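Following: one structure in structure tokens, then a few remarks.
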Amino acid sequence: MSKQNIYKDTLNLPKTKFPMKANLAQREPNMLKQWEDSGIYRKLRDQAAGRPKFILHDGPPYANGDIHIGHAVNKILKDIIIKSQTLGGYDAPYIPGWDCHGLPIELNVEKKLGKAGVKVDEKTFRNGCREYAARQVAGQKADFKRLGVMADWDNPYLTMNYDFEANIIRTLGQIIDKGHLHKGSKPVHWCTDCGSALAEAEVEYEDKTSPAVDVRFKAVDRQAILDIFSAANGSDKPVNAVIWTTTPWTLPANQAVALHPDFDYVLVETDQELLILAEELYPSALQRYGVEQSQILGRCKGSQLENQLLQHPFYNRQVPVILGDHVTVDSGTGAVHTAPGHGQEDYVVGMKYDLEVDNPVAANGCFVTGTPLFEGQHVFKANPLVLEVLQQKGALLHHQDLLHSYPHCWRHKTPIIFRATPQWFISMDQNGLRQLAIDAAEHTTWLPDWGQARIEGMLENRPDWCISRQRTWGVPIALFVHNETQALHPDTQDLIEKVAQKVEQAGIDAWFELQPAELLGDDAQNYSKVTDTLDVWFDSGVTHACVIKQRDELQFPADLYLEGSDQHRGWFQSSLLSSVAVNDMAPYKEVLTHGFVVDAQGKKMSKSRGNVVAPQKIMKTLGADILRLWVSSTDYTGEVSVSDEILKRTADAYRRIRNTARFMLANMDGFEPQQNSLEVADMLPLDRWIVVKAEFLQQEIIGAYEQYDFHQVYQKVHNFCAMDLGAFYLDVIKDRQYTTQVDSIARRSAQTALYHIAEAMTRWIAPILSFTAEELWGFIPGKRDESVFFDSWYAFPPEIQDEMDDAYWQKVLAVRVACSKEMEKLRVDKTIGSSLDAEVDLYCDDELRALLEKLQDELRFVLITSYARLHKLSDRPADAVDADDVNGLAIQVKASEHNKCVRCWHHREDVGSDSEHPELCGRCIANVSGQGEVRHYV
RNA sequence: GGUUGGGUAGCUUAACUGGUAGAGCAGCGGGUUUAUAACCCGUAACGACAGAUAAUCGGCUGAUGCGAGUUCGAGUCUCGCCCCAACUACCA
């Protein structure tokens with residue numbers, strides 16, 4: 001041992017300060033501080049000035065709550081793209097944003113301040129919201145930064161910034177100018193106790209007992225119905241369609257009876273009448289009515305009855321039969337009472353048939369003045385009265401109470417109703433927006449490509465976009481409408497600009513506090529301010545106008561939007577519609593989506609399931625780079641699984657990459673690229689080969705980045721580290737690195753190769769393992785910029801035509817694998833330990849022998865054996881073993897009988913040939929006290 | 001209920017227009033101590049079965065969520081089913 005140490009000092013063992021243990025959780029925050037202190041994002045912009053632009057436009061997360069792993073995936077993917085595009089030579093600015101208005105924030109502020117307009121005035125409430133949102137943004141921003149996301153964090157866009165708010169209003173003006181605005185009414189959830197609309201989130205479902213009634217609607221043209229059913233009937237019994245409802249109070253607003261176009265309906269004769277019922281339901285219905293005797297007179301499809309008129313049960317009104325796919329045969333009669341003012345579905349189908357959206361119910365839940373029979377009655381109290389009236393009119397066929405799930409107000413716990421209220425819409429059809437949007441979607445690249453079918457399906461079927469909300473914390477629909485006619489003020493465009501200027505100065509309060517006379521003068525008495533606010537999807541949908549077009553460094557349209565697949569319904573669509581409405585084109589050229597994060601079983605994450613993985617926890621334990629590497633390792637176009645095992649595997653892969661890099665650095669100890677690197681032509685063929693291999697790989701990696709196929713990058717880099725480098729190249733060059741002389745060509749050649757690979761590989765991983773790459777960057781020898789991100793993909797030295805090309809080395813590798821298998825047999829026998837304890841004799845056919853002869857003495861180094869001798873295949877002894885996967889090769893392995901050189905561990909004949917160094921082989925003697933061995937072959 | 005996708009080894013992923021299911025990691029078994037909180041070599045594909053052999057191996061069967069179909073041949077095409085996810089609707 002002591003003697004060995006003498007020679008150990010003559011070896012060039014690996015040496016580096018680059019730590020083996022990553023300690024990411026501790027190290028990353030320091031790196032972040034360094035980046036922040038040096039203003040890396042701004043410097044990056046300066047560096048990239050003048051390059052072609054790549055604009056990835058950030059979709060704003062909602063400013064509420066801590067970021068979850070889905071946010072992390074989204075931001076990391078964006079960051080990988082931004083960084084890879086930057087390394088690819090683009091100027092890729094990244095402006096992060098937040099969505100700041102809206103209900104969830106209101107609800108949280110309400111908990112602290114109380115209800116706006118009740119416990120606290122609206123201005124104070126809005127201020128509370130603004131402060132709350134700002135705090136949320138700050139919290140989320142800190143986490144996003146911690147992920148290593150490089151962005152203009154000092155100048156993000158917030159939808160609540162005054163200029164942003166002003167530009168929302170201006171964009172609304174443009175949409176009006178283009179003729180897409182439309183005022184209508186729409187049923188909304190309404191709490192009669194609150195006297196206001198409820199958002200979906202404020203609705204709870206609870207059981208309620210309602211009167212379920214079967215009601216006759218008498219056919220106006222009896223004969224026509226008989227004809228349709230092909231039913232001859234001599235009697236003069238009336239023909240009645242029967243509807244079933246649990247909300248009798250909505251009958252005053254009835255405008256139609258809906259049937260399913262494809263269902264079979266029967267005309268059933270009973271003692272007193274002919275009933276129209278769905279065939280599937282008529283037995284149960286008749287049973288309910290207590291009818292014992294009946295006969296079917298005829299049947300027809302629902303579609304045949306379309307537009308037949310029916311008599312309203314108690315009003316002097318005739319209503320049509322309409323068709324709708326929402327009609328089911330689960331319960332009732334197969335005929336649905338339709339009141340467009342009181343039901344979502346009724347409203348939608350009513351729009352198709354141009355039915356009146358009649359709403360006779362006031363805000364307090366009572367029938368308005370002038371409602372025949374029920375004026376002033378509260379709707380739920382009116383139910384028995386309606387029944388009474390139906391009874392009187394002979395329209396009530398059956399009544400029984402029914403317990404069912406029914407929407408309730410979450411505050412009052414009282415049943416709510418659907419009530420049509422005036423709302424503002426962006427019309428899909430009045431000025432051709434739907435078709436324009438579909439066309440624009442066709443001109444957009446959707447990744448994955450099924451995104452196009454998805455969004456087109458949505459565009460084709462979606463109703464008009466209701467953009468108005470009756471809320472406090474939102475951008476106002478800053479319009480003046482005529483008190484009588486409800487028409488927009490003729491100077492609307494001018495007024496909008498004036499309002500926008502005020503909002504630019506003072507935020508949305510400027511509108512809510514505005515005295516109309518200030519802008520309208522005497523005309524103010526004829527006009528009212530609209531007090532509705534905009535849907536927050538409008539806010540975020542118009543970032544193309546409020547951000548992309550406002551900031552000089554950005555370009556419209558954006559190259560890419562990237563969000564979760566839920567945003568086909570959300571932001572992708574709101575952005576598309578609003579952009580098409582004002583620009584006649586999509587705001588993006590390409591839309592990329594990622595799936596949701598699920599657990600190892602593919603189940604979605606939820607608190608109740610207890611399978612939630614918090615990004616904060618991963619960053620605190622494993623580090624952001626592990627989280628980033630995990631994101632990169634997934635095919636994110638589908639659902640993405642995460643679990644402890646998956647993260648552990650990711651950490652394993654990380655260590656492989658890190659240690660490979662570390663080993664390369666350690667073997668470049670004392671290497672100065674300017675002085676010590678060799679020309680390609682002077683390098684050893686093996687070293688040239690690995691560099692070419694790396695360059696080839698780089699092309700694939702760049703291609704994968706361009707396709708946003710990051711898991712390909714991950715696989716390729718990892719494979720390269722594990723296989724090409726770890727299992728072969730780095731193992732083989734150890735001998736050369738350690739035992740040859742410091743400044744020998746043999747060693748400098750390998751170091752030159754390591755240098756090129758380290759330069760390249762650091763860049764490959766930089767978009768993903770940003771912290772680690774930056775750390776590595778400081779350890780690679782040679783002069784360099786402050787940050788890896790200021791650089792571009794590595795420019796390899798020019799290739800030269802090489803006799804020993806990749807195909808050549810693949811054959812050598814196959815021989816190596818065959819030898820390893822044979823050596824393993826001796827190792828199992830404990831005949832040898834290290835492969836250097838072995839000598840191999842290779843019996844090759846002529847072709848293979850010629851091939852391997854080119855390696856000369858290097859063959860033993862490639863095989864990491866003490867001797868490697870070539871022979872003719874015809875000379876093979878009986879105990880040589882045919883190689884499985886190499887033709888024309890038989891191998892004989894035996895333990896070497898020669899002494900082991902204590903310095904290089906090879907067993908050589910010439911060990912001890914020099915009495916001064918009795919334990920060294922000839923090669924080592926030359927390296928220790930002579931000129932040094934020559935390892936240049938070919 | 002509807003729309004759009006998805007389900008390949010313990011994990012992450014490959015497989016061109018149908019043509020031998022390919023890698024890496026993990027696992028298991030060894031080795032090295034000159035990458036050592038590291039590295040190398042070998043092995044290996046649900047579960048199960050029977051035979052031969054015991055150094056070497058050959059065969060059957062099964063195998064891309066399940067089951068059919070088309071085909072000489074299916075991870076890939078068709079149909080049905082199960083499960084998962086996003087969106088959407090409904091409960092009159």
Side-chain angles (χ1 to χ4, degrees), chain A residues 4 7-8 11-16 20-21 205 210 212 243-247 250 258 325-328 330-333 335-339 342-346 348 404-407 448 450-455 457-458 461-462 564-570 593 595-598 600-604 630 633-635 637-639 641 643 645-650 652-653 655-656 659-660 662-667 711-712 714-716 718-723 726-728 730-731 734-735 737-739 817 820-821 823-825 827-828 830 832-837 864 881 903-905:
Chain A
Q4 215 169 333
Y7 294 112
K8 198 164 183 176
L11 294 169
N12 312 301
L13 295 181
K15 188 175 156 198
T16 180
M20 175 174 289
K21 193 176 176 192
Y205 285 80
S210 301
I243 63 92
W244 182 77
T245 181
T246 57
T247 52
T250 62
D325 292 334
H326 64 290
V327 178
T328 66
D330 295 342
S331 58
T333 60
V336 176
H337 146 61
T338 301
H342 293 308
Q344 204 78 249
E345 194 89 90
D346 293 4
V348 172
H404 63 157
S405 169
Y406 191 87
W450 48 259
Q452 179 162 351
R454 189 158 201 233
I455 198 144
M458 289 171 175
N461 296 317
R462 69 159 295 152
S565 59
D566 56 331
Q567 300 302 334
H568 283 117
R569 183 41 127 190
T593 55
F596 278 60
V597 181
V598 295
Q601 278 74 46
K603 300 278 178 69
K604 67 178 157 199
W630 163 70
S633 75
T634 63
D635 175 5
T637 58
E639 281 103 53
S641 286
S643 68
E645 182 187 359
I646 292 168
L647 288 169
K648 186 177 179 302
R649 292 287 93 82
T650 309
D652 289 346
R655 295 208 326 268
R656 165 57 91 169
N659 276 310
T660 303
R662 178 174 184 269
F663 184 68
M664 289 195 289
L665 291 178
N667 277 292
H711 66 276
Q712 292 296 333
Y714 166 87
Q715 300 261 341
K716 284 176 197 300
H718 186 260
N719 242 320
F720 186 63
C721 288
M723 302 308 293
F728 180 57
L730 295 179
D731 209 17
K734 277 178 198 168
D735 178 86
Q737 286 302 296
Y738 303 160
T739 67
V817 167
S820 292
K821 278 186 185 167
M823 284 190 273
E824 183 68 15
K825 289 171 190 166
R827 212 178 269 124
V828 170
K830 305 282 180 196
I832 60 169
S834 154
S835 63
L836 282 175
D837 298 338
I864 315 185
V881 177
R903 184 168 177 273
C904 72
W905 295 350

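These numbers were taken from a predicted model, which means no experiment stands behind them.
- Phosphate proximity of B:U34 to A:K8: present, with a side-chain N or O under 4.0 Å from OP1 or OP2.
- Here B:G24 sits opposite B:C11 as a Watson-Crick or G-U wobble pair (both hydrogen-bonding atom distances under 3.5 Å).
- For B:G7, the base has no donor-acceptor partner in the side chain of A:Q601 [N/O atoms by modelled type, under 3.5 angstrom].
- Regarding contacts with the backbone of B:A35, a side-chain N or O of A:Y738 is found under 4.0 angstrom from either OP1 or OP2.
- For B:U12, the base has a donor-acceptor partner in the side chain of A:Q715 [N/O atoms by modelled type, under 3.5 angstrom].
- Here A:K716 does not reach the OP1 or OP2 of B:A23: none of its side-chain N or O atoms lies under 4.0 Å away.
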task = Dump the intermediate steps for side-chain contact (heavy atoms from CB on, under 4.5 Å) on A:N659 and A:F663, then the final yes or no.
result = CA-CA 6 Å; A:N659 276 310; A:F663 184 68; over 6 Å; no

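- Taken from CD1 in A:I832 to CD in A:E824, the straight-line distance is 8.0 Å, to the nearest 0.5 Å.
- For A:H568, no side-chain nitrogen or oxygen approaches OP1 or OP2 of B:U88 to under 4.0 Å.
- Nucleotide B:A37 is matched to nothing when pairs are restricted to Watson-Crick or G-U wobble geometry with both distances under 3.5 angstrom.
- Contact annotation: side chain of A:K604 to base of B:A85, donor-acceptor pair absent below 3.5 Å.
- Between A:T246 and B:A92 there is a side-chain N or O to OP1 or OP2 distance below 4.0 Å.
- A:Q712 has a side-chain polar atom (N or O) that falls below the 4.0 Å cut-off from OP1 or OP2 of B:A14.
- We find the CZ-OG distance between A:R649 and A:S633 to be 12.0 Å, quoted to the nearest 0.5 Å.
- The partner of B:A52, taking Watson-Crick or G-U wobble pairs whose two distances both stay under 3.5 Å, does not exist in any strand shown.
- OP1 or OP2 of B:A26 has not a single side-chain nitrogen or oxygen of A:R655 nearer than 4.0 Å.
- Across every strand in view, B:C66 sits in a pair with B:G80 that passes the Watson-Crick or G-U test at under 3.5 angstrom.
- With a cut-off of 3.5 Å on both pairing distances, B:U71 has no Watson-Crick or G-U wobble partner at all.
- Using N1 to N3 plus N6-O4 or O6-N4 for Watson-Crick, or N1-O2 and O6-N3 for G-U wobble, each under 3.5 Å, B:A85 pairs with B:U4.
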